[in-house]
Peer 1: 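I am attaching a structure below and will ask some questions about it afterwards.
Here is how names work: the chains are called A, B, and so on, in the same order as the sequence lines, proteins then strands, and each is numbered from 1.
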There are 2 protein chains.
Amino acid sequence: MAHLTVSVEYAIHSLLWLVDAETAPLSSRDLADFQGVSPSYLAKIFPKLEKAGIVKASEGVRGGYELARAPEDINFLQIVDAIEGRKPLFDCQEIRGRCAAFGELPPTWATRGVCSVHAVMLRAEKAMRETLAGASLRDLTQAVSRKAPPEFANDVKAWLGERVLRRAGKSSSSARLSSHGEDLS
Amino acid sequence: MAHLTVSVEYAIHSLLWLVDAETAPLSSRDLADFQGVSPSYLAKIFPKLEKAGIVKASEGVRGGYELARAPEDINFLQIVDAIEGRKPLFDCQEIRGRCAAFGELPPTWATRGVCSVHAVMLRAEKAMRETLAGASLRDLTQAVSRKAPPEFANDVKAWLGERVLRRAGKSSSSARLSSHGEDLS
DNA sequence: CATAACACGGATAATATCACTCCGCGTTTG
DNA sequence: CAAACGCGGAGTGATATTATCCGTGTTATG
């Protein structure tokens with residue numbers, strides 16, 4: 001049919017963890033490692049969310065991303081458009097005007113208004129976009145927390161919190177590198 | 001967002017002319033020339049419509065295509081699926097199971113049922129497909145005939161009818177080649 | 001002040017898909 | 001038999017997707 005890209009999937013899943021992140025900004029690297037996706041690729045996705053005003057960036061060590069507004073004001077359609085750039089579902093080639101039954105150039109009745117085929121596709125696109133616009137980031141977090149046991153939220157905060165702490169300075173407490181699983185032996 | 005291909009556009013526009021074609025089967029070549037699209041490309045599209053049971057093929061000179069059933073029983077969704085092969089809108093990577101907060105393998109609650117992100121995309125896809133399923137080829141012909149003047153239907157029949165006649169034998173009557181506009185001079 | 005980690009942008013590469021062409025096969029009609 | 005058809009496979013150029021790597025500038029920590 002068509003395709004919503006993996007980038008959209010990465011973006012939505014990443015934003016999910018940003019919702020309840022009290023541990024100030026989370027870096028794209030933290031989010032990538034936490035979710036098991038490519039850090040270098042996720043790093044290319046976040047600037048698009050920032051330009052769309054979905055996310056706020058802060059630079060320097062301890063920098064990273066936060067939601068730019070409340071999760072109930074961020075919906076799937078905004079995210080999709082931020083990542084994929086508002087590409088239409090259907091790209092009308094205006095075939096109607098090339099009919100050989102018209103001589104040189106088509107009569108005005110043939111090219112006036114929207115092509116009837118195109119009109120159907122526009123309705124389909126609208127239906128899809130309305131569904132996406134009706135799903136907020138808040139809805140998503142609620143769906144997830146209905147599935148997860150209560151202690152899961154703490155596990156997440158623990159993992160991400162340690163990651164943020166480790167960034168600058170106080171590294172050693174439990175002296176594992178962990179990030180790549182590589183051994184020095 | 002995504003993309004319905006031009007193949008779908010060519011298919012729908014071609015089927016439109018098949019609806020009122022009394023001049024038995026129309027070849028993909030006739031339809032391509034009539035609409036000003038690539039004949040060799042349109043020829044790759046029709047076998048897909050035939051395998052989907054939308055169109056009936058007949059071989060040999062004077063062969064070509066006819067609708068396999070009434071235009072009210074052919075809808076946009078069937079055509080799209082025939083051409084593009086029922087590709088899903090969203091291809092879930094199951095990111096939820098790769099969360100680093102789970103150790104080795106994710107707990108059952110995390111991977112049971114449909115991913116919450118995926119569920120939204122499935123609803124969006126369903127909304128789009130339902131819109132496409134709600135538009136029949138008959139609806140399309142009615143929309144077009146509301147726009148076109150009454151004599152247009154005759155012009156179409158004249159052009160296509162002459163094309164079919166010219167195929168075998170009785171070529172000469174008004175001795176123009178017309179199909180490519182090439183001159184022998 | 002040096003280091004490390006961050007955001008950001010540009011360059012590149014591998015793979016896939018799309019739009020399209022060309023060819024050869026078997027079938028049917030004049 | 002020739003011409004036109006449907007059909008299938010092979011191949012081409014353009015573009016998009018999913019990455020990777022590197023360089024620049026910024027900021028907190030030791």
Peer 1: Between C/dA16 and B/Lys87, is there an OP1 or OP2 to side-chain N/O distance shorter than 4.0 Å?
Peer 2: no
Peer 1: Is the shortest side-chain N/O distance from B/Arg167 to OP1 or OP2 of C/dT29 below 4.0 Å?
Peer 2: no
Peer 1: Can you name the residues that form a side chain to side chain contact (heavy atoms under 4.5 Å, CB included) with B/Asp20, not counting sequence neighbours?
Peer 2: none
Peer 1: Any protein N or O atoms within reach of nucleotides 23-25 of chain C? Criterion: under 3.5 Å, listing atom names and distances.
Peer 2:
none

Peer 1: Could you state the atom-to-atom distance from CD of B/Glu59 to C1' of C/dT27 in whole Å?
Peer 2: 5 Å
Peer 1: Can you check the A/Arg29 CZ to D/dC21 C1' distance for me, whole Å?
Peer 2: 13 Å
Peer 1: Using five base pairs at each end to define the local axes, how bent is the helix from C/dC1-D/dG30 to C/dG30-D/dC1, to the nearest 10°?
Peer 2: 0°
Peer 1: Do A/Glu125 side-chain atoms and A/Phe90 backbone N/O form a donor-acceptor pair below 3.5 Å?
Peer 2: no
Peer 1: A/Glu94: what forms a salt bridge (charged side-chain N to carboxylate O under 4.0 Å, His left out) with it, not counting sequence neighbours?
Peer 2: A/Arg96
Peer 1: Mind listing the side-chain donor-acceptor pairs of residues 137-144 of chain B below 3.5 Å, one per line with the distance, residues two or more places apart or on another chain?
Peer 2:
residue  : atom : partner  : partner atom : Å
B/Arg138 : NE   : B/Glu72  : OE1          : 2.9
B/Asp139 : OD1  : B/Ser136 : OG           : 3.4
B/Asp139 : OD2  : B/Ser136 : N            : 3.0
B/Asp139 : OD2  : B/Ser136 : OG           : 3.2
B/Thr141 : OG1  : B/Arg138 : O            : 2.8

Peer 1: Respond yes when some side-chain nitrogen or oxygen of A/Ser7 is under 4.0 Å from OP1 or OP2 of D/dT17, and no when none is.
Peer 2: no
Peer 1: To the nearest Å, how far apart are A/Ile45 CD1 and C/dC6 P?
Peer 2: 17 Å
Peer 1: Reading nucleotides 8-14 of chain D from the 5' end, what letters show protein touch, with B for base, S for backbone sugar-phosphate only, - for no heavy atom under 4.0 Å?
Peer 2: BBB----
Peer 1: A/Arg163 CZ to C/dA5 P: how many Å, rounded?
Peer 2: 10 Å
Peer 1: Under 4.0 Å between a side-chain N/O of A/Ser38 and OP1 or OP2 of D/dT18, yes or no?
Peer 2: no
Peer 1: Sequence neighbours left out, what pairs pass ring pair (Phe, Tyr, Trp, His ring centres under 6.0 Å) with at least one residue falling in residues 56-85 of chain A?
Peer 2: A/Phe46-A/Tyr65
Peer 1: When you measure from the side chain of B/Ser28, which nucleotide among D/dG6, D/dT27, C/dC6 comes out closest?
Peer 2: D/dG6
Peer 1: On the nucleotide C/dG30, are OP1 or OP2 found under 4.0 Å from the side-chain N or O atoms that B/Arg62 carries?
Peer 2: yes
Peer 1: Taking transitive links into account, so neighbours of neighbours count too, which hydrophobic residues share a cluster with A/Val61 at under 4.5 Å side-chain distance?
Peer 2: none
Peer 1: Would you mind reading off the distance between B/Ile54 atom CD1 and D/dG6 atom C1', rounded to a whole angstrom?
Peer 2: 17 Å
Peer 1: Please check the phosphate of D/dA19 (OP1 and OP2 only) for any side-chain N or O of A/Tyr10 closer than 4.0 Å.
Peer 2: yes
Peer 1: Not counting sequence neighbours, which residues clear salt bridge (charged side-chain N to carboxylate O under 4.0 Å, His left out) with B/Lys147? List them please.
Peer 2: none
Peer 1: Show which residues join A/Leu122 in its hydrophobic cluster (side-chain heavy-atom contacts under 4.5 Å, direct or indirect), or state none.
Peer 2: A/Val114
Peer 1: Under 4.0 angstrom, heavy atoms only, what part of the nucleic acid is B/Ser27 near: base, sugar-phosphate, or nothing?
Peer 2: sugar-phosphate
Peer 1: Side-chain donor-acceptor contacts of residues 48-55 of chain B below 3.5 Å, not counting sequence neighbours, with atom names and distances?
Peer 2:
none

Peer 1: A/Leu42 has an atom CG; how far is it from atom C1' of C/dA7, in whole Å?
Peer 2: 13 Å
Peer 1: Let me know the distance between CG of B/Asp91 and P of C/dA16, rounded to the nearest Å.
Peer 2: 14 Å
Peer 1: Please output the side-chain donor-acceptor pairs of residues 38-45 of chain A that fall under 3.5 Å, not counting sequence neighbours, one pair per line with the distance.
Peer 2:
residue : atom : partner : partner atom : Å
A/Ser38 : OG   : A/Ser40 : OG           : 3.4
A/Ser38 : OG   : A/Tyr41 : N            : 3.1
A/Tyr41 : OH   : A/Ser7  : OG           : 2.5

